[in-house]
> 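I'd like to ask you about the structure that follows.
Below, each value reflects all heavy atoms present in this structure, side chains not excepted, and no hydrogens, waters or symmetry copies. The chains referred to below are lettered A, B, ... by the order of the sequence lines, with proteins before strands, and numbering in each begins at 1. Remember, it's a predicted structure, so these values are computed and weren't measured experimentally.
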Amino acid sequence: MTQKAQDRITTVQAAVIVSNFLLGSGILTLPRASAEVVGTPDVWFSVLLGGFVAIGAGILMAVLSKWHKGKTVFQYNQKLLGKWIGGTIGLAFVIYFFMTAAYQVRALSEVTQLFLLEGTPSWAIVMVFMWVSLYLMFGGINPIARLFELILPVTIVIYLLVMLMSLKLFEWDNLRPFLGQGILPVLDGVRSTALSFLGVEIILVITAFMSNPNHSVKAVVIGTSIPLVIYMLTVVIVIGGLSLDGVLTRTWPTLDLIRSYEYTGLIFERFESLLLVIWIMQIYSTFTITYFASALGLSQIFHFDIKTCLYGLLPIVFTLSTLPQNIDVLFALGDFLGKSAFFLFVPIPLLLLIITKWRKGANKDAAEKSGS
Amino acid sequence: MRRRKVDHKRWITGCMATLILFLQTGCWSKDEIEDLSIYVGMALDLPYETVLERKMDQLGSDYRKRNHISFTLQIVDKQSEAKSGDTKDDPTSKPYLNISETGDSLFEMIREFATRLERPVIGHHLKVIVINEALSRRYSMNNLLSFMLRDNDIRLNCLVMMSSGTARKVMEAKGNSIIPSFRLNGMVDNRYRTLKIIPPVSLSKLESQMNAHASYLLQNVIAVNGEVKLSGAAVILGKTQKFIGRLSEEELLGTIWLTGEGKGGVVKSYDPKTKQVITYELKSMKSKIKSRVVGGKISFHVSIESDGRLIEEWMEGNETIDDEFIIRSEKATSKEVQRLIKLGLNKIQNRYKTDVVGFGSRLSIEHPKVWKQVKENWDETFSQVPITYDVKLNISETGSKQGH
């Protein structure tokens with residue numbers, strides 16, 4: 001499938017897409033998930049290191065993608081590894097992307113049912129959500145990017161607002177001592193925190209749409225840094241407010257922090273619905289981009305029309321999202337996706353990078369030889 | 001001709017879009033606020049069935065349960081609902097309604113109210129939970145508050161208090177203008193006027209202490225004839241999360257001075273020379289706990305600093321308030337503070353053996369390695385640890401009266 005000329009995004013839009021993908025369901029669970037592994041108040045440090053790891057992986061993928069101008073990973077890995085191996089790996093990416101989409105939409109329905117729409121059946125929440133997203137995706141990457149550009153600033157402003165309002169619960173002592181149990185728990189925690197930066201891998205796909213693919217590294221670094229700052233802030237404020245021990249038993253700690261204060265006398269007393277609104281927008285963007293990436297992958301591997309793929313995936317993703325029997329299975333699925341992402345998006349891009357480099361070298365040699 | 005066709009098509013799609021709107025369901029999960037009973041307070045007591053409950057039991061109200069807890073909900077009752085429940089005196093005009101059940105599962109009892117009230121109860125606006133001391137001696141906080149911490153409507157900023165008397169009594173008020181739960185919630189804000197109110201403990205704060213197996217204080221409330229007083233504090237033992245004893249008002253003052261968490265209040269003492277009243281109003285209070293570990297032996301030193309004004313003095317004649325008198329007042333006041341601290345410290349260290357002041361968290365910050373070793377049995381260790389303190393008070397002004 002060839003892309004139309006107007007399907008080009010700017011560097012800023014690429015960065016925004018990366019940011020919006022990263023900021024997904026994780027933001028509500030990150031403080032607990034990371035606190036469980038780290039076990040000391042230095043969780044924020046683990047998040048910082050995890051962010052660096054993610055940026056490193058992102059740079060790797062961005063460099064790889066910019067060497068294959070105008071091609072997505074689904075196209076160039078077939079070129080590099082052959083039709084079958086490349087196709088299989090591409091398919092693995094596709095499966096990973098739509099599984100992530102299904103995971104996100106399920107997390108959405110869980111939280112919405114618990115805190116917002118107790119009586120609404122989950123299918124009604126999920127279906128409306130998926131249809132609206134489908135409508136956006138039919139426009140291609142450009143409308144997606146433009147909508148994301150609208151969502152991100154709104155998210156940041158509202159998120160900062162509700163988090164800063166919780167500062168009256170904040171206690172420095174909850175974050176101390178720094179490195180009390182040494183650096184080891186922190187390093188251990190990186191395993192878990194790095195997973196919250198899932199989403200950098202989208203650079204493998206969107207570089208193909210960038211009008212200036214040479215800036216893909218810049219896009220991925222900026223795109224990852226915004227969530228890095230937001231995550232750090234989240235972990236510091238949530239643990240500072242609820243304390244490490246208080247976080248461990250909360251299913252959705254960030255939301256619970258917002259549920260722990262109220263301001264009487266303002267127009268709003270409680271702010272969890274504001275947080276939920278922006279969170280739903282973030283899930284929407286994560287869902288849209290993962291779904292789009294997997295449909296795009298399918299269409300490029302099997303040479304289908306992308307519209308067919310977009311429609312075809314709809315029942316699959318919906319069914320997948322209903323499969324986890326309970327919330328523990330859902331979180332287990334999230335962990336599994338994180339781990340598989342680690343195996344998919346670190347060794348394979350590295351391998352592809354080496355092959356590309358080697359081929360380039362070979363081509364250069366050949367060119368020199370034929371030239372002389 | 002062609003143009004008209006296009007218009008026609010547009011018109012039809014426009015109509016269809018409008019018609020579809022009528023098929024929309026709107027909010028599926030809506031509950032009109034008029035159809036709900038909003039509860040704002042909870043009281044947990046030892047099983048003691050109300051007269052009404054006993055009469056209902058006689059009429060055959062029965063299900064399989066063990067009578068462990070008497071549970072009272074306070075519902076704001078602004079509407080002219082036909083009253084049912086236990087409000088005995090003047091049932092027509094109280095702005096609230098208390099309703100009690102006895103049983104073993106709090107949630108079951110809450111749902112039980114659906115069989116007794118026209119409008120089902122909803123917990124979004126729960127402000128305060130009052131727990132009876134004797135009940136808390138029997139059951140741990142983990143059990144008593146399990147439902148509240150799991151529920152998705154109850155917010156975590158709901159306050160938790162204890163009552164040395166019947167908790168249900170705290171939920172009653174004289175007159176017809178007070179909602180007792182709101183009154184309690186408002187009284188907690190008076191911390192800038194007295195040292196006898198501890199920093200409010202919300203569900204989220206309590207849960208973090210509970211998970212850390214730490215000991216902590218909860219404000220004690222007493223109620224007589226529909227009037228309440230915040231008096232002293234209940235001590236919850238970390239290991240069991242059960243009530244272990246109470247701090248009197250003076251002992252509580254001592255621990256507040258140790259934590260330095262007071263926002264405002266008074267210290268009354270007697271002039272050693274004239275035996276007359278000297279009252280000090282504090283403007284600021286600071287305490288610094290320093291932990292020391294020498295050869296495996298843990299000790300603490302607390303430096304307390306306070307700044308305030310001389311607000312009342314009962315001098316016999318018209319003696320001048322000179323520097324000498326100010327120094328004497330400072331001394332008398334700081335001696336009084338030391339007496340309070342000694343009282344409080346003695347109680348928590350020797351009697352209850354619980355660290356409710358936060359010495360442990362200082363140790364964990366300053367000596368994390370040592371803390372890791374003593375963490376398990378901290379309350380026991382704490383009772384043996386030497387604690388020293390010094391009090392520095394400064395009377396920086398004498399109010400709007402100078403000299404005499």
> I'd like to verify something: which residue of L244(A), D173(A), V247(A), L179(A) has the highest number of heavy-atom pairs under 4.5 Å with chain B?
D173(A)
> Compute both the distance and the angle, then confirm whether R259(A) meets the cation-pi test with F115(A): under 6.0 Å from the six-membered ring centre, within 45 degrees of the axis.
no
> Does any backbone or side-chain atom of L255(A) lie under 4.5 Å from a heavy atom of chain B? Answer side chain, backbone, both or neither.
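Neither part.
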> Do the charged groups of K127(B) and E262(A) touch, with an N to O distance under 4.0 Å?
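Yes, this pair counts.
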> Can you say whether R250(A) sits under 4.5 Å from chain B via the side chain, the backbone, both, or neither, judging by heavy atoms?
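Side chain of R250(A) only, per the 4.5 Å heavy-atom cut-off to chain B.
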> Please report whether the ring centroid of F331(A) lies less than 6.0 Å from that of W252(A).
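Between W252(A) and F331(A), the centre distance is under 6.0 Å.
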> Going through the checks in order, is the side-chain contact (heavy atoms from CB on, under 4.5 Å) test met by V105(A) and F318(A)?
CA-CA 8 Å; V105(A) 80; F318(A) 177 76; over 6 Å; no
> Between the main-chain N or O of V132(A) and the side-chain N or O of Y284(A), is there a donor-acceptor pair closer than 3.5 Å?
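A pair under 3.5 Å: yes.
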> Looking only at heavy atoms and a cut-off of under 4.5 Å, which of L149(B), L206(B), L203(B) has the most pairs with chain A?
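Top count of heavy-atom pairs under 4.5 Å with chain A: L149(B).
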> Name the region of L242(A), side chain, backbone, both or neither, that has any atom closer than 4.5 Å to a heavy atom of chain B.
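For L242(A), the contact with chain B is made by backbone and side chain together.
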